[in-house]
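Everything numeric in this text was worked out from a predicted model, so none of it was measured. Hydrogens, waters and symmetry mates are skipped; everything else that's a heavy atom, side chains included, is used.
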Amino acid sequence: MEALGPVVSQRSFPDNAPMRRVLPLLCLLPLMSCAPAATGPATAGAAVARPAATSPLRAAFSDQGVAWVSGGQPCVARPPSFRAVCPRLPATVDVAWQGAEAWAAVPGIGAVVTLDGAPRSVPVGRVVALSATRVYREDGSAVTYAGAPARGVVGAPAAAVTDGQGEDYVLLAGALRRVSDGRVLERVAGPVLVALPSGARSQETPEVVDEFGTFRLANGRLEALDALGQVRRAVPHGPGLVGRVGQWVVTVTASGVVRLFTTSLEERPRP
């Protein structure tokens, strides 16, 4: 089966449309010093899996699609076509889904920006990580995607996820920490942060866990695991990240190749 192809398609803009997205962001720069401080409750969001910020590839998955950033270039692909949209933005460090919107973290302009659809931007300051509920700044303070204060942590998170219950978890100083109460769940965490239906854990390899099972990229393969952690199916696959988008197990590589599989690891052919 063929992959769904490298990320080569750009969003169809009129000649001046990229500037319509970027110019409002530049106007936000004087507001950065007024970004709210971090206090307040969390809100619910979708589960994602991603590596720490040292990786060149980060991704977020939801029923709305897959968003990723590689080498500072963000992209988003939505069903049913999964055609990649890669807007021209300043260097991006993370991506996330918040409801139906895909967001990019752009520290150079101190804002988070939508990747497709109606252009939106929120001034947040020097953002370093995103979850489905919060935007985390380099000092660990956080805001929501509406710019309202939210509970954060002390120090810059390397990665953040939201579990199926709306709780946030971060990798911070090599440890896995729950944001709501600051509890350290793993003192020596692996490089990949995996959101669970309830909770989170770290892994050495990319993995997604939901009611349909566990799927991971390891040993040069995409593997489906049973409840005991034994490999029940596997297909060849190179490095990348894995998640769920609706009925599909979806993978994305650093070069922007998106592939779709059933839960039995049968690959969907390229449309």
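Residues passing the side-chain hydrogen bond (donor to acceptor under 3.5 Å, both in side chains) test with S70, sequence neighbours excluded: none. Under the salt bridge (charged side-chain N to carboxylate O under 4.0 Å, His left out) criterion, R216 pairs with E223, not counting sequence neighbours. Residues satisfying the salt bridge (charged side-chain N to carboxylate O under 4.0 Å, His left out) criterion with D226, sequence neighbours excluded, are absent altogether. Applying the side-chain hydrogen bond (donor to acceptor under 3.5 Å, both in side chains) criterion to E186, with sequence neighbours excluded, gives S202. Every residue was checked against the ring-ring contact (aromatic ring centres under 6.0 Å, His included) condition with F215, not counting sequence neighbours, and none meets it. For R201, the salt bridge (charged side-chain N to carboxylate O under 4.0 Å, His left out) partners at least two apart in sequence or on another chain are E207.
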message = Determine whether V249 and R259 satisfy the following criterion, side chain to side chain contact (heavy atoms under 4.5 Å, CB included), listing intermediate values before the conclusion.
response = CA-CA 8 Å; V249 178; R259 299 171 67 182; over 6 Å; no
inquiry  = Checking R221 against V235 for the side chain to side chain contact (heavy atoms under 4.5 Å, CB included) test, could you report, in this order, the C-alpha distance in whole Å, the side-chain angles of both residues, the deciding distance, and whether it holds?
reply    = CA-CA 5 Å; R221 308 184 299 181; V235 294; over 6 Å; no
inquiry  = For a side chain to side chain contact (heavy atoms under 4.5 Å, CB included) check, start with the C-alpha distance between R134 and R151, then their side-chain angles and the critical distance, and finish with the verdict.
reply    = CA-CA 9 Å; R134 295 173 176 85; R151 186 179 181 91; 4.1 Å; yes
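No side-chain heavy atom of R83 sits under 4.5 Å from any side-chain heavy atom of R78. You'll find the side chain of L222 reaches within 4.5 Å of the side chain of L265, heavy atoms only. Using a 4.5 Å cut-off on side-chain heavy atoms (C-beta onward), L130 and V112 make contact. Within the 4.5 Å cutoff, no side-chain heavy atoms of P239 are placed close to those of L217. No side-chain heavy atom of V194 sits under 4.5 Å from any side-chain heavy atom of Y169. Within the 4.5 Å cutoff, the side chain of R244 has no heavy atoms near those of the F61 side chain.
Screening residues 176-208 for ring pair (Phe, Tyr, Trp, His ring centres under 6.0 Å), with sequence neighbours left out, gives no hits. Legend: ring pair (Phe, Tyr, Trp, His ring centres under 6.0 Å) pairs involving residues 217-246, not counting sequence neighbours: none detected. Under the ring pair (Phe, Tyr, Trp, His ring centres under 6.0 Å) criterion, the residue pairs touching residues 113-163 are W103-Y145, with sequence neighbours excluded. Listed by first and then second residue, the ring pair (Phe, Tyr, Trp, His ring centres under 6.0 Å) pairs that reach into residues 183-214 come to none, sequence neighbours excluded.
Side chains of D163 and S198: a donor-acceptor N/O pair is absent below 3.5 angstrom, by distance only.
Note that OG1 of T144 is 7.5 Å distant from CD of Q98, once rounded to the nearest 0.5 Å. Here CG of L260 is found 8.0 Å from OG1 of T251. Values are rounded to the nearest 0.5 Å. Atom CZ of residue R232 and atom OG of residue S264 lie 7.0 Å apart, to the nearest 0.5 angstrom. The line from CD of Q247 to CG of D63 is 10.5 Å long, rounded to the nearest 0.5 Å. Between atom CD of residue E267 and atom OG1 of residue T262 there is a gap of 10.0 Å, rounded to the nearest 0.5 Å. Separating the CD1 atom in I109 from the CZ atom in R126 is a distance of 11.0 Å, to the nearest 0.5 Å.
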Donor-acceptor list for residues 173-180 side chains, cut-off 3.5 Å, not counting sequence neighbours:
from, atom 1, to, atom 2, distance (Å)
R177, NH1, G182, O, 2.8
R178, NE, D181, OD1, 3.2
R178, NE, D181, OD2, 3.4
R178, NH2, D181, OD2, 2.7
S180, OG, E167, OE1, 3.0

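Hydrophobic cluster of V231: the remaining members, joined at side-chain heavy-atom separations below 4.5 Å, are L225, listed by chain and number.
Taking the ring centre of W68 as origin, the terminal cationic atom of R58 falls outside the region bounded by 6.0 Å and 45° from the ring axis.
Each of V128, D168, L193 was evaluated against P157; a single residue qualifies, V128, per the side-chain contact (heavy atoms from CB on, under 4.5 Å) test. Put simply, the residue from L241, V245, V242 that forms a side-chain contact (heavy atoms from CB on, under 4.5 Å) with V250 is V245.
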